[in-house]
Peer 1: 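The structure follows.
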There are 2 protein chains.
Amino acid sequence: MRTKILLNEDEIPRQWYNLAADLPTPMAPPLGPDGKPISPEMLAPVFPMNLIEQEVSQERWIDIPEEVLQLLYRWRPAPLVRAHALEKALGTPARIYYKNESVSPAGSHKPNTAIPQAWYNKEFGIKKLTTETGAGQWGSALSFAGALIGLEIKVYMVRISFDQKPFRKVMMETWGGKCIPSPSNQTQAGRDVLAKDPDTPGSLGIAISEAIEEAVTDPKGETRYALGSVLNHVMLHQTIIGLEAKKQLEKAGEKNVDVVIGCAGGGSNFAGLSFPFIHDKINGADIDIIAVEPASCPTMTRAPFAYDHGDVAKMTPLLPMHSLGHTFVPAPIHAGGLRYHGIAPLVSAAINDNLIRAESLHQLECYQAAVTFARTEGIIIAPETSHAVASAIREANKAKDEGAEKVIVFNLSGHGLMDLLGYQKFFAGELHDYAMPEEELQKTVAQLADYPKP
Amino acid sequence: MRTKILLNEDEIPRQWYNLAADLPTPMAPPLGPDGKPISPEMLAPVFPMNLIEQEVSQERWIDIPEEVLQLLYRWRPAPLVRAHALEKALGTPARIYYKNESVSPAGSHKPNTAIPQAWYNKEFGIKKLTTETGAGQWGSALSFAGALIGLEIKVYMVRISFDQKPFRKVMMETWGGKCIPSPSNQTQAGRDVLAKDPDTPGSLGIAISEAIEEAVTDPKGETRYALGSVLNHVMLHQTIIGLEAKKQLEKAGEKNVDVVIGCAGGGSNFAGLSFPFIHDKINGADIDIIAVEPASCPTMTRAPFAYDHGDVAKMTPLLPMHSLGHTFVPAPIHAGGLRYHGIAPLVSAAINDNLIRAESLHQLECYQAAVTFARTEGIIIAPETSHAVASAIREANKAKDEGAEKVIVFNLSGHGLMDLLGYQKFFAGELHDYAMPEEELQKTVAQLADYPKP
């Protein structure tokens, strides 16, 4: 009974897959403050040009630099695991596989893009990167990458998560990164928010504003900003997950995959697993691809497709995406990494082209799924990941009802060892479900009315 | 440049190695309350007979049951990693390798014995296991094993660690285990200690007494006790580490190993890596094998070899081991897993036969080594593990001074993601070194005077 499907060093994918090259409907361009498509040069104060080139690339396959591969190889290829014990507990005829991205030293899929982003910045002569983090996975991953590659890292962490997870800061510091709660008084964007609402839990949108502000105001020009999700080049770097998974499924003797599942906040772990399968779907494969979000932050399932900023202070270009509006502050649920007002333009485009479907779940069902998973498969997963597991359990139960031997693959995006407060509250009965009322939804999306339509 | 050396599923060792079969000087037997060697039957209220047979076995090789292998295979074989980045940072000609045991779902090497112990108990018809835990690694591992195999788990956690690491309890609970601080008022042993010293930080010796008491007083006889270190069968189960490492070193093209290092509290991770190399040493290989302990708990370097109990309430037999005396309560350093008054009889025997040497290090040097390791190799290690890393750095610097291309292998016994409070205090300058004064040592070992001599 084979549980773990591994790849050898020489089987690691050597190119990333760019979904932009294959989308049936070309993506709307990002727009500048003047409402006109932005040029690569306009992004130069924020990102190094080598990453901007990836951001706008229409090439289907992009080479992974050899030095990046060497660093990724410290924990990759990540295992694909057959969830025999979970299947047995559910009594499902489905074969469930998960890609275990929790094996990275930072504990999630985030280093897959942190390493190349740090590397390209270093190549370009940059000395320091600023960034935001929600649950802390991304800030940890970038601090990890900064240590390995030799860059100074400064992380603005959403205050609610900073308070809930005090040891994330220590983790980043151990790798040499600096971490402060956002909103902070170190930036104009932060001070503006604090002036209006000193007790705000913060949001990824606010933290992004602060990080970008610090990067673009460096008088020496040696600082850039790094984003852990949403952007095209981030999705690109994560596709190594799905490319490995496809090779591993082949090794496991699986000819067809029926269902592919990932949780989605900004969209990066979902994209990482699913985009290579979307490639197959575009070429005729029959795959149900599901992006799962929390009901309390229903970007994909209920928000309009619109032009919106990626951050509160409107420092980013207008991006074509499903969005609840850049000023939206999500309810403080424990899946901090899923608390984002928008979703990656590439994921939005895939939704619009009916290549994937979105699903929203409540947190109690997700925590229950996480506990089931821990007691069968043995891994304590991140609250974000629990959304993918809950969805996989739904699909496995559906397969049971149908008596169908489906193949279900989901992304185990990270472990939950830094997120045990959420489990503690779940066991204590202190967590509750929350669905956004329709009036609240209408009120927040009203802010999108004045922007151009994609 | 090859970093990670993996083994395939079919290369996993299928037998454990029993050092007892090869010791030049036969071990002294454990003694009962009457001062006479105990019989296997006398241990029957504490352990199931199938594990007692392993405890007293003189067979060199013992088969690993197929079902145990299947469970171990969830994360094993564990990677052997060449520490290129650390070597570069040190400028050493030495080639440093580490066996990465932090990849288990519980985060340490402890599941290597938790899984077989739970499995043998289940086979024997046992329903519940009690145990103690120091830093929390063992209690987590046994809870993990209990979930996978279907046993109720109850963990007595040393109070100082329980307070320092509140999320360890949540981790165990997520796997379905129960965890309470020790000393507790749930056992006579606990109540006795609390009556004398209500503010005691606790110790492994006290927690062991409580766990054994709960096991042997189960009126249904369905409860047994599981120990995470010290005993022969625990050392046996851990030898899979060194057996894998030897195959991996061969794959890496290393014909000789010069130095083998592990940290040692009760001795299990050290034994796991080193015993298969001791086998080679007994057969003529020239290997320097180092067991590293904290200077604040100098069991191997300064305590006498004596008969002593494994626990405070004298519920265990008298074991022949280096011991500071079973009532000794070590200073509350952060490497909770190394705070034990004794050391495994098999490790003690290897010291007495000059097969290994012991070294004691201070905690500040160890934390500094851990930070160096995180910023080069990228892994945040447990405070226990930092003792092995600090020793490896010493050996690598020695090799640099000598211009010698030595091969150094150490055991990365666990990650430190649950131990970040220690790092936080280290960065804040709140940690201090502590060496036990000679008078204190003499005072505590005086309690051994009345026991028989091994």
Side-chain angles (χ1 to χ4, degrees), chain A residues 1-9 70-71 73-77 79 81 84-85 100 102-107 111 140 143-148 150 166-171 173-176 370-371 373-381 415-427, chain B residues 1-9 70-71 73-77 79 81 84-85 100 102-107 111 140 143-148 150 166-171 173-176 370-371 373-381 415-427:
Chain A
M1 191 172 75
R2 203 164 177 199
T3 307
K4 234 175 13 178
I5 300 107
L6 299 174
L7 295 176
N8 296 322
E9 179 173 2
Q70 286 299 330
L71 288 166
Y73 188 61
R74 289 209 188 179
W75 73 96
R76 304 204 72 83
V81 184
H84 285 294
N100 187 0
S102 76
V103 299
S104 81
S140 302
S143 299
F144 161 77
L148 267 48
F167 290 129
R168 275 287 178 191
K169 177 176 187 280
V170 185
M171 199 171 167
E173 282 176 352
T174 303
W175 279 312
V371 171
F373 194 77
R375 293 181 186 176
T376 51
E377 293 299 314
I379 301 174
I380 297 177
I381 55 175
H415 67 62
L417 299 187
M418 304 299 293
D419 306 279
L420 290 165
L421 184 64
Y423 281 88
Q424 188 174 46
K425 289 190 173 174
F426 173 68
F427 289 130
Chain B
M1 192 172 77
R2 200 162 179 199
T3 308
K4 234 175 12 178
I5 299 106
L6 300 174
L7 294 176
N8 296 322
E9 179 174 359
Q70 285 299 330
L71 288 166
Y73 188 60
R74 290 208 188 178
W75 73 96
R76 304 205 72 83
V81 185
H84 285 294
N100 187 0
S102 76
V103 299
S104 82
S140 302
S143 299
F144 161 77
L148 268 48
F167 290 129
R168 275 286 179 192
K169 176 177 188 279
V170 185
M171 197 170 167
E173 281 176 353
T174 303
W175 280 311
V371 171
F373 194 76
R375 294 182 186 175
T376 51
E377 293 298 313
I379 301 174
I380 297 176
I381 55 175
H415 66 61
L417 299 187
M418 304 299 294
D419 306 279
L420 290 165
L421 184 64
Y423 281 88
Q424 188 174 44
K425 288 189 175 175
F426 174 68
F427 289 130

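Order of the sequence lines sets the chain letters (A, B, ...), proteins ahead of strands, with each chain counted from 1. Quick caveat: nothing in here was measured; it's all calculated off a predicted structure. Computed from heavy atoms alone, side chains included, the values below leave out hydrogens, waters and symmetry copies.
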Peer 1: With a 4.5 angstrom heavy-atom cut-off, is it the side chain or the backbone of B:Phe427 that approaches chain A, or both, or neither?
Peer 2: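 Only the side chain of B:Phe427 comes within 4.5 Å of chain A.
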Peer 1: Could you tell me which portion of B:Asn8 (side chain, backbone, both or neither) has an atom closer than 4.5 angstrom to a non-hydrogen atom of chain A?
Peer 2: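 For B:Asn8, the contact with chain A is made by the side chain alone.
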Peer 1: Taking salt bridge (Lys or Arg N to Asp or Glu O under 4.0 Å) as the definition, give me every residue that meets it alongside A:Arg76, ordered by chain and number, with sequence neighbours left out.
Peer 2: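 Counting only residues at least two positions away or on another chain, A:Arg76 forms a salt bridge (Lys or Arg N to Asp or Glu O under 4.0 Å) with A:Glu101, A:Glu244.
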Peer 1: Sort A:Thr376 into side chain, backbone, both or neither according to what part of it lies under 4.5 angstrom from a heavy atom of chain B.
Peer 2: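 It is the backbone, since no side chain atom gets that close.
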Peer 1: Given that the side chain runs from C-beta out, which part of A:Met418 has a heavy atom under 4.5 Å from chain B: side chain, backbone, both or neither?
Peer 2: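 Looking at A:Met418, just its side chain touches chain B.
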Peer 1: Compare all side-chain heavy atoms of A:Ile380 with those of B:Trp175 and state whether any distance is below 4.5 angstrom.
Peer 2: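 Yes, close enough: below the 4.5 Å cut-off.
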Peer 1: Once ring-ring contact (aromatic ring centres under 6.0 Å, His included) is applied, do any residues pair with B:Phe167, and if so which ones, sequence neighbours excluded?
Peer 2: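 Partners of B:Phe167 by the ring-ring contact (aromatic ring centres under 6.0 Å, His included) criterion come out as none, since no residue qualifies.
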Peer 1: Hey, what do you get for CH2 (A:Trp75) to CD1 (B:Ile379), rounding to the nearest 0.5 Å?
Peer 2: 11.0 Å
Peer 1: Give me the atom names and distance for the closest heavy-atom approach of A:Met171 to B:Leu420.
Peer 2: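 Scanning both residues, the minimum pair turns out to be CB-CD1, 4.1 Å.
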Peer 1: Kindly compute the distance separating CD (A:Glu377) from CZ (B:Arg74), expressed to the nearest 0.5 Å.
Peer 2: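 That separation rounds to 5.0 Å.
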Peer 1: Output the distance between atom CG (B:Leu417) and atom CG (A:Leu417), rounded to the nearest 0.5 Å.
Peer 2: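 Atom-to-atom, B:Leu417:CG and A:Leu417:CG are 6.5 Å apart.
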Peer 1: Tell me, for B:Leu71 versus chain A, whether the close heavy atoms (under 4.5 Å) come from the side chain, the backbone, both or neither.
Peer 2: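 For B:Leu71, there is no contact with chain A at all, as no heavy atom is under 4.5 Å.
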Peer 1: Over all heavy atoms of both residues, which pair between A:Val170 and B:Gln424 is shortest? Give the atoms and the distance, please.
Peer 2: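 Minimum heavy-atom separation between A:Val170 and B:Gln424: CG1-N, 3.6 Å.
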Peer 1: Can you name the nearest heavy-atom pair linking B:Pro105 to A:Gly378, along with the distance?
Peer 2: CB-O, 3.2 Å
Peer 1: Drop me the distance from A:Arg375's CZ to B:Thr174's OG1, to the nearest 0.5 angstrom.
Peer 2: 7.0 Å
Peer 1: Among A:Leu421, A:Val371, A:Asn100, which residue forms the greatest number of heavy-atom pairs with chain B at distances under 4.5 Å?
Peer 2: A:Leu421
Peer 1: Which heavy-atom pair separates B:Leu148 from A:Ala374 by the least distance, and what is that distance?
Peer 2: CD1-O, 4.5 Å
